[in-house]
Amino acid sequence: MMPSSDLAQLWSAVEQRNEEQKAYLLRKVFIQMEFITALSIVTDAAYAYCDIFEGEHAGEVWARKVLVQMVMTATPPDEGLIQSAFQHYDTPGTANFLKGLHDLYQATQSKHAREARLGYLVSSLIHIQTAWLVWTYFHARREVWQRYRLRGEDFYTIALAFWDDPTVIECDRHNWQSVLEHLKNSGFAHP
């Protein structure tokens, strides 16, 4: 069993919404795990977001196919599938999701050292978690989303309203609870 203090510290960073500490502590936890276990935690989070992605982009099932291949074989997806990620999407959360998929793809590349691959997994999970937050706040505020994307004069006001929104805070907490539950089930003691 892995040290529960690491998970307790990660949960504390989640509660404080300290993004830098979350990334640092998640990496610390992943280093103590088998790579395939860390990979499965991140792919589970990405797979859960596929329903949102497919709802926003009808018929775009390539992301789910990429994730299934990674889970089944722990290898990078076919080049043709990953190229789909470079299409232009401008819906809330999609850029973060695609960055998460790209980092997940990089994590499956055996040309990278283990440390680098784990770093890609951390980055992937952070981006996927962020995709949820962005979609949660902006999916019903498309006009605000467009103003935010254009970085107009109200960009910082919108960014602050997004970050401080109670629904976003609850979504963030809930999603990280799911990650911590996966970590617990993989051999870490519960904080």
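For the numbers below, each heavy atom of this structure counts, side chains included, while hydrogens, waters and symmetry mates do not. This is a predicted model, so every value here is computed, not measured.
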Partner residues of [X] under the side-chain hydrogen bond (donor to acceptor under 3.5 Å, both in side chains) criterion, sequence neighbours left out:
X: Y47; value: R64
X: N18; value: none
X: E56; value: W135, R142
X: Q177; value: none

- Are R114 and F35 in a cation-pi contact, defined as NZ or CZ under 6.0 Å from the six-membered ring centre and within 45° of the axis? no

[X] (side chain) donor-acceptor with [Y] (main chain) under 3.5 angstrom:
X: T136; Y: W132; result: yes
X: T43; Y: L39; result: yes
X: T37; Y: M33; result: no
X: S123; Y: Y120; result: no

Identify, with sequence neighbours excluded, every residue that meets side-chain contact (heavy atoms from CB on, under 4.5 Å) alongside [X].
X: A131; result: Y49, N96, F97
X: Q109; result: P76, Y105, Q106, K111, H112
X: S110; result: none
X: I31; result: R27, E115, L118

- Message: Please determine whether a side-chain nitrogen of the Lys or Arg among K22 and E19 lies less than 4.0 Å from a carboxylate oxygen of the Asp or Glu.
- Response: yes

How would you list, by chain and number, every residue that makes a salt bridge (Lys or Arg N to Asp or Glu O under 4.0 Å) with [X], sequence neighbours excluded?
X: E153; value: none
X: D154; value: R147
X: D103; value: K99

- Message: Checking one residue: F138. Which other hydrophobic residues are in its cluster under the side-chain 4.5 Å linking rule?
- Response: L133, V134, Y137, V144, W145, Y148, F155, Y156, I158, F162, W163, V168

